[in-house]
Every structure is written in structure tokens, then in C-alpha cells.
Amino acid sequence: MKPRHVWTIAKKELRGIGNERTIVLAILLQVFIAMFSSFLVVGLTSLYDPSSLGGMSGGYAVGYAGTDSPLADLLEEKGDFEVYRMDLSEAVAALQERRLAAVVYVPDTPPDGTDPVKITLYTLKNDISASVTGVKIREAMEAYEVMLREARDDRLTAEPVEIAVPADVRGQSFFIFVYGLLVPLLLFMPAIISASLIIDFITEEYSTKTLDTLLSTPLTFTEILWGKVLAAWVLVPLQAGAWIVLLAANGIAIRSTLAILLHVSAASLVLILIGAIAALHYRERTSAQFVYSTALVAVLLAVLAIPGNPANLIVLLAAGSPAPLHGAALVGVLTGTAFLAIITDRYARRLAARAAQ
């Protein structure tokens with residue numbers, strides 16, 4: 001296999017992308033949206049966490065039942081609730097009459113006891129105020145949870161993982177949404193798009209019957225295949241890097257950019273090779289795209305079930321948190337990529353040999 005021939009095919013495909021007006025317009029639209037990603041983030045954060053719209057809610061009547069605990073004080077300190085201490089049956093009746101927005105019941109389990117403290121929250125079913133109330137009560141419950149953990153920390157047998165939360169962010173929910181959801185979604189989107197592109201690159205040669213013309217040149221079938229893979233893969237770090245720059249321009253700092261680009265590039269090659277195998281097997285765009293989309297869901301579910309998956313590592317790296325195993329994870333992904341590349345290459349050689357007979 002001659003690298004010069006592979007690069008020739010890659011340049012041909014990249015020129016084709018540049019001449020495709022739909023793709024160019026899609027990229028320009030993507031950049032235009034990214035220029036105003038601050039507005040996008042604020043809007044999506046409002047959907048992710050209704051409490052981010054602080055001025056739209058407040059002063060909800062909440063019933064408190066059960067034993068006395070610091071949770072009641074935490075609810076009152078927030079200033080979002082008017083807390084009424086009453087019996088559980090009386091509180092639930094008031095909730096059903098919509099005189100209360102929620103009811104919190106705390107059992108008499110000692111904070112330093114051996115049994116878990118199971119707090120029950122009653123809210124109105126199918127009521128939009130229940131969403132806002134639940135989110136705000138959750139914040140008080142999380143603070144109470146910290147108190148309980150501190151009261152029972154002498155039982156810990158392992159060191160907890162520390163998460164670096166910058167002091168200048170406007171809220172923990174905003175931070176979790178940006179780094180835990182938005183950043184991995186944006187950075188892996190180019191990988192998914194490029195895997196779809198490789199299917200179009202390959203099936204187009206079959207549908208337009210231009211593959212025979214290419215094979216009449218000094219190019220081999222595998223050189224044509226890897227040239228198309230290279231063209232699809234080189235777009236991933238470029239788009240991911242552009243997203244990082246645009247996020248930084250909107251005030252969202254991304255740490256460890258080089259390590260993140262390496263993880264995204266390695267993981268994207270796995271998806272691109274899966275798309276290439278589907279395209280080589282079916283040689284028809286619709287069937288190949290369907291199989292690739294189905295395989296993509298299965299692969300994502302399997303990968304996300306692993307604690308040290310690339311998406312999780314990117315979240316830690318982007319937030320500046322320690323990710324000591326990201327090097328080992330990168331080696332594992334590269335090993336899997338190399339194995340998949342061998343399978344793809346052998347399959348392509350078998351198809352070429354079969355076509356030559």
C-alpha cells in the first residue's frame with residue numbers, strides 16, 4: 001500500500017466535501033450556532049434544571065412531617081419555601097387539596113445509625129410546579145446528605161473521588177450540564193457524522209459505478225478504502241478542535257485539550273471503521289446506514305456501561321479533574337482500533353480478490 005495513493009484518494013474526498021454545498025452550509029450553520037453558544041447553554045440549562053430560572057419561582061408551601069432534623073432548617077434557610085410542621089396524614093391531605101406544594105417526611109432513624117435514612121417526598125402528580133419544587137428540595141436534601149455522610153464518614157473504607165468545581169461558576173447544575181453533557185456531546189458529534197460520511201464515500205462509488213474507473217488506475221482497492229477512511233477521520237479532530245475554541249471564546253474553559261483530542265480521534269476511528277465495514281458489505285447507502293445506526297446504539301450502550309469510558313474521561317479531563325487511568329484507556333481504545341482496522345483491511349482484500357476472479 002502506497003501512502004501517496006491513499007493521500008490522493010483522501011484529497012479527492014475532501015475536495016468533494018468542499019464542493020458539496022449542503023455540507024458546507026451545515027458546517028457554516030454549526031459555526032454560526034456555536035458563536036452564540038452562551039445563549040444556547042443558558043436555554044438548555046433552563047430545560048435541564050428549572051431552578052436556573054430563579055426569578056420564576058419561590059415561596060412554595062411545604063409540609064414537614066416526622067422527626068426533627070437539620071433538613072427542616074435547610075429548607076427554611078433557602079428562602080424558597082414556607083415550611084409547615086404537621087402530622088404526615090394532615091400534610092398529605094393538605095397536599096391533595098393543593099394547599100401545599102410538597103410534603104417531606106423524615107423517619108426517626110438516627111443520623112449516626114447503621115440503617116439508611118430514607119426520606120420520603122410527596123408531590124402533586126402531573127403538576128408543573130412539582131418539577132420546580134422537586135429540584136429546589138433536592139438541593140436541600142443534597143446538603144443534608146452531606147451532613148449524614150460527615151456523621152458516618154468513619155465507616156468509609158475507600159477514599160472518595162474529588163471533583164474540581166471552579167469557584168467562579170454560577171451553580172453546580174450549570175457546571176454539571178456544561179461539562180457532563182454538553183462538552184462530550186459536542187466533541188463526539190463529529191465522530192458520529194464522519195462515520196456516516198465514510199458510508200456515503202464508499203457506497204457512492206458503487207451506486208455511480210465509478211469504482212471500476214478508479215481501479216483502472218494504479219490505485220488498489222485497499223488504497224481507495226483507506227484514503228476514504230483518512231478523509232473521514234481527519235475531519236474529526238478539526239471539528240472537535242473548532243468546538244473547543246468556540247466554547248473557550250464563549251467563556252467555557254476546556255482543560256487537557258490535547259488528551260481530549262487524542263481520545264476523540266481514537267474513538268472516532270472505531271466508529272468510522274464500523275461504518276466502513278457496513279458500507280463494504282451492503283454497498284448500498286440505506287441498508288448500510290441502518291446497520292451502522294443500529295450498531296452505533298449497541299456500541300454506545302456497551303461503552304457507556306464501562307466506568308472509564310472515553311466520554312467519562314473527557315468530562316474529567318475537560319473539567320480539570322484527575323483522570324489517572326486515561327492513558328491506559330487510550331491504549332485500550334487504540335488496541336481495539338488496530339484490531340478493527342485489521343479486520344477491515346482483510347475484508348477489503350477479500351472483496352478485491354473476489355472481484356478480480
Side-chain angles (χ1 to χ4, degrees), residues 45-54 57-86 88 91 100-123 129-184 253 255 307-308 311-313 315-325:
T45 303
S46 302
L47 296 175
Y48 175 76
D49 182 5
S51 66
S52 60
L53 301 177
S57 59
Y60 289 98
V62 173
Y64 182 90
T67 188
D68 289 336
S69 73
L71 179 58
D73 298 330
L74 291 172
L75 291 171
E76 292 175 341
E77 289 173 0
K78 286 184 61 63
D80 297 320
F81 304 110
E82 296 178 3
V83 180
Y84 299 92
R85 300 171 189 261
M86 55 183 68
L88 179 60
L100 295 176
V103 175
V104 177
Y105 172 74
V106 180
D108 57 356
T109 307
D112 57 348
T114 57
D115 296 329
V117 180
K118 297 181 180 179
I119 299 175
T120 305
L121 174 64
Y122 300 86
T123 58
S129 64
S131 300
V132 178
T133 307
V135 171
K136 290 184 174 296
I137 291 178
R138 186 189 66 186
E139 296 174 1
M141 287 186 173
E142 289 175 347
Y144 184 49
E145 182 184 19
V146 173
M147 293 182 179
L148 293 176
R149 290 182 184 277
E150 292 175 350
R152 303 182 178 198
D153 61 357
D154 57 336
R155 307 175 196 172
L156 290 176
T157 58
E159 189 68 20
V161 176
E162 297 289 342
I163 303 296
V165 180
D168 56 347
V169 296
R170 287 177 291 177
Q172 187 177 2
S173 298
F174 183 87
F175 176 82
I176 293 174
F177 172 76
V178 170
Y179 289 95
L181 182 62
L182 187 62
V183 169
R255 317 292 184 192
N312 188 20
L313 292 173
V315 172
L316 295 175
L317 291 170
S321 299
L325 297 179

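Residue numbers count from 1 along this sequence. Atom set for the values below is all heavy atoms of this structure, side chains included, hydrogens, waters and symmetry mates excluded.
Interatomic distance, OH of Y64 versus CG of L100, reported as 15.0 Å (0.5 Å rounding). Note: Y144 OH to L74 CG = 9.0 Å, rounded to the nearest 0.5 Å. Here CZ of R138 is found 11.5 Å from CG of L121. Values are rounded to the nearest 0.5 Å. Note: L75 CG to E82 CD = 12.5 Å, rounded to the nearest 0.5 Å.
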ask   = Stepwise, does the side chain to side chain contact (heavy atoms under 4.5 Å, CB included) test hold for T120 with Y122?
value = CA-CA 7 Å; T120 305; Y122 300 86; 3.5 Å; yes
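Between G66 and Y105, the shortest heavy-atom contact is CA-CE1, 3.7 Å. Looking at every heavy atom in both residues, M147 comes nearest to P70 through SD-CB, 3.7 Å. Shown here for A102 and T123, the closest heavy-atom pair between the two residues is CB-CG2, 4.0 Å. When all heavy atoms are compared, the tightest approach of V117 to R152 is CG2-NH2, 3.5 Å. Here the closest heavy-atom approach between residue A311 and residue P184 is recorded as O-CB, 4.5 Å. The two atoms that bring A151 and D112 nearest to each other are O-CB, 4.4 Å, heavy atoms only.
Under the side-chain hydrogen bond (donor to acceptor under 3.5 Å, both in side chains) criterion, R149 pairs with E145, not counting sequence neighbours.
In this structure, the side chains of I119 and V104 come closer than 4.5 Å at one or more pairs of heavy atoms. Within the 4.5 Å cutoff, no side-chain heavy atoms of M86 are placed close to those of V103.
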